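Structure, as C-alpha cells:
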Amino acid sequence: MKLAFAMPHMLELKATMQPWELAVTGADQTALAKWAEKLGFEMIAVPEHHVIPKAHVDLSGPFYFNAYTAMSHFAGATERVRVNSCIAILPAQHPIVTAKALATMDWLSSGRVTITFAVGWLEEEFALLGIPFHERGAMAEEYIQAILALWTQENPEFEGKYVSFRDVAFEPKPVQKPHIPVWFGGDADAVLKRTARYAQGWWPFLTKPETIPDRIDFIRSQPDYNGQLADVFYGISTARVGEGHKVQHDPSARPGQTGQQLLDRLGQLGEWGVTWSSIPIPNLPGIEAYRDYTQWIAEEIMPGLR
C-alpha cells in the first residue's frame, strides 16, 4: 500500500473540508509538497473542475484548480514524488492540447506523472464550456485513443468524429514508456470497460469499498482487457462523499482515527485490491499542527504498510 499526501485546501468540499484549511495559501501548499516528499509520501493528486454553478456551491464548494497547471507546479517544486489528478475532465479540452500538456510535464519532471481521466458529471459545467454533455463518453473514447497515438506513435494519426489528425509531428514524447500511466476515475460499467481497454489504474469514488474486488474482476473479465491493471486508489475519506458531493457519514472514513484504526482500515483496503490510499485531513489548529500530524503518519503508519 502506498500513500498519497492529502494536500489541504485543494478544494472546499462540504463533506471533507476542515475549517483551518481555508487559511492555507499556494505558498503553503508549495512548502507542504516539499515536506510531503521529505516524509516519504509518494503522490500528490489534484482535483479538477473549471467552473461551479451557484446551485452546487453549497456541497461542491467554489474552489478547484486546473489539474494540469497544479500538477506541473507540484512536480516543479519536488524531485521524487509523483503527481496525478483526481480527476482531470477528459472531454474538457482538445486531446492534442491535453497530450502536449502531459507529455511536457512528464519530460520536465523526469517521468513522474500519472493521469487519472474522467468523463465528468456536472451537466451545467459542460453547458458553460460548450461541450455536449450526453456525448462525453463517446468523446472520451476517441480522446484517449488520440492521446495514446500521440504519445506512442512515431508518425501519429487518428481518424474520428471528434478529432482527426495525420501527417503531424508530436514531441516531446513522455519519458515513461510506453507512455504516462493512465487511470480512469468513476464507477459506471462504461468507465470500468474503458479502464480495461486503455488504463493501468482505476480510481473509484461511489463504489462501496467492499465491492471493489468484484469490480476489479469485472475489469479483468472484459474481452478487450489490456492485461495492465496494476493500481487502484481508494482514499479513506472517500466514503464521506456521496453522489453529487452529498455528505455521508461513515465511521470508517472519519478523520482523526488512531494509528491502529488507520492501519486496520488500510490493511482491509489492501485485501480488497487497493494499492494506493490517503489519510483524511483532521480538524486541527492550523498548518503547523498538520505538519506534525503528517510526520506522525510517516513515523507510525508508513512503517506498518511496508
Side-chain angles (χ1 to χ4, degrees), residues 1-8 10-11 16 32-33 36-37 39-48 67 70-71 74-75 78 80-88 102 105-106 109 111-118 176 179-187 191-192 194-196 198-217 219-220 228-241 250 252-253 255 257 259 261-281 294 297-298 300-306:
M1 177 74 69
K2 297 180 180 180
L3 287 183
F5 184 77
M7 181 68 73
M10 284 283 215
L11 70 177
T16 58
L32 282 171
E37 181 169 73
L39 292 177
F41 288 89
E42 298 190 59
M43 181 182 288
I44 298 171
V46 181
E48 176 179 86
M71 289 166 63
F74 289 131
T78 56
R80 298 180 304 279
V81 72
R82 296 192 69 80
V83 294
N84 196 352
S85 57
C86 63
I87 49 64
L102 291 166
M105 195 190 311
D106 202 58
S109 69
R112 290 187 286 127
V113 178
T114 299
I115 185 66
T116 304
F117 290 126
Q176 298 175 89
H179 55 72
I180 293 166
V182 171
W183 299 1
F184 278 100
D187 308 276
V191 174
L192 274 64
R194 195 171 295 118
T195 300
Y198 306 112
Q200 292 74 53
W202 172 47
W203 194 317
F205 291 96
L206 299 177
T207 299
K208 292 184 182 301
E210 62 270 19
T211 69
I212 285 175
D214 291 338
R215 302 303 275 162
I216 292 173
D217 288 344
I219 292 170
R220 290 176 171 158
Q228 297 177 19
L229 182 67
D231 287 299
V232 176
F233 192 114
Y234 191 88
I236 288 178
S237 65
T238 302
R240 291 156 61 196
V241 186
D250 185 328
S252 67
Q257 298 180 50
Q261 288 170 330
L262 290 171
L263 285 169
D264 289 347
R265 183 58 170 169
L266 292 167
Q268 187 176 53
L269 291 173
E271 291 174 2
W272 288 333
V274 174
T275 60
W276 285 88
S277 192
S278 60
I279 292 174
I281 296 173
T294 51
I297 293 172
E300 300 296 330
I301 305 300
M302 287 184 186
L305 303 177
R306 295 182 183 126

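Quick caveat: nothing in here was measured; it's all calculated off a predicted structure.
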Going by side-chain hydrogen bond (donor to acceptor under 3.5 Å, both in side chains), name the residues that satisfy it together with [X], two or more places apart in sequence or in a different chain.
X: S85; result: none
X: E37; result: none
X: Q228; result: Q200
X: S252; result: D250, R265

After noting the C-alpha distance and the side-chain angles of T114 and D231, does the key distance pass the side chain to side chain contact (heavy atoms under 4.5 Å, CB included) rule? CA-CA 11 Å; T114 299; D231 287 299; over 6 Å; no
Contact between [X] and [Y] at the side-chain level, heavy atoms closer than 4.5 Å - yes or no?
X: S109; Y: M71; value: no
X: R112; Y: T78; value: yes
X: P280; Y: I236; value: yes
X: E300; Y: L262; value: no
X: K2; Y: T275; value: no

Tell me the closest heavy-atom pair linking [X] and [Y], and the distance in Å.
X: A67; Y: E48; value: N-OE2, 2.9 Å
X: A253; Y: R240; value: O-CD, 2.9 Å
X: Y234; Y: P209; value: OH-CD, 3.5 Å
X: M7; Y: A33; value: CE-N, 3.8 Å
X: M10; Y: P47; value: CB-CD, 3.9 Å
X: P181; Y: V113; value: CD-O, 3.3 Å

Residue list, side chain to side chain contact (heavy atoms under 4.5 Å, CB included) with [X], at least two apart or on another chain:
X: D187; answer: P204, F205, L206, T207
X: Y198; answer: E141, I144, Q145, L148, F184, R194
X: R220; answer: I216, Y225, L229
X: Q261; answer: R254, Q257, T258

Side chain to side chain contact (heavy atoms under 4.5 Å, CB included) assessment of W272 paired with V232: CA-CA 10 Å; W272 288 333; V232 176; over 6 Å; no
F233 meets the ring-ring contact (aromatic ring centres under 6.0 Å, His included) criterion, sequence neighbours left out, with W203
For F74, which residues count as a ring-ring contact (aromatic ring centres under 6.0 Å, His included) partner, sequence neighbours excluded? none
The single option from T116, L102, I115 that satisfies side-chain contact (heavy atoms from CB on, under 4.5 Å) with V182 is I115
Hey, what do you get for [atom1] ([X]) to [atom2] ([Y]), rounding to the nearest 0.5 Å?
X: I212; Y: L269; atom1: CD1; atom2: CG; value: 6.5 Å
X: M43; Y: N84; atom1: CE; atom2: CG; value: 4.5 Å
X: D106; Y: I180; atom1: CG; atom2: CD1; value: 4.0 Å
X: I301; Y: T294; atom1: CD1; atom2: OG1; value: 12.0 Å
X: W276; Y: L3; atom1: CH2; atom2: CG; value: 8.5 Å
X: I279; Y: M302; atom1: CD1; atom2: CE; value: 7.5 Å

Using the rule given for side chain to side chain contact (heavy atoms under 4.5 Å, CB included), can you reason through I44 versus L32, listing the C-alpha separation, both sets of side-chain angles and the distance that settles it, and then say yes or no? CA-CA 10 Å; I44 298 171; L32 282 171; over 6 Å; no
Salt bridge (charged side-chain N to carboxylate O under 4.0 Å, His left out) contacts touching residues 207-216 (sequence neighbours left out): D189-R215
Should V83 and V46 be marked as a side chain to side chain contact (heavy atoms under 4.5 Å, CB included) after you check the CA-CA gap, both sets of side-chain angles, and the distance that decides it? CA-CA 8 Å; V83 294; V46 181; over 6 Å; no
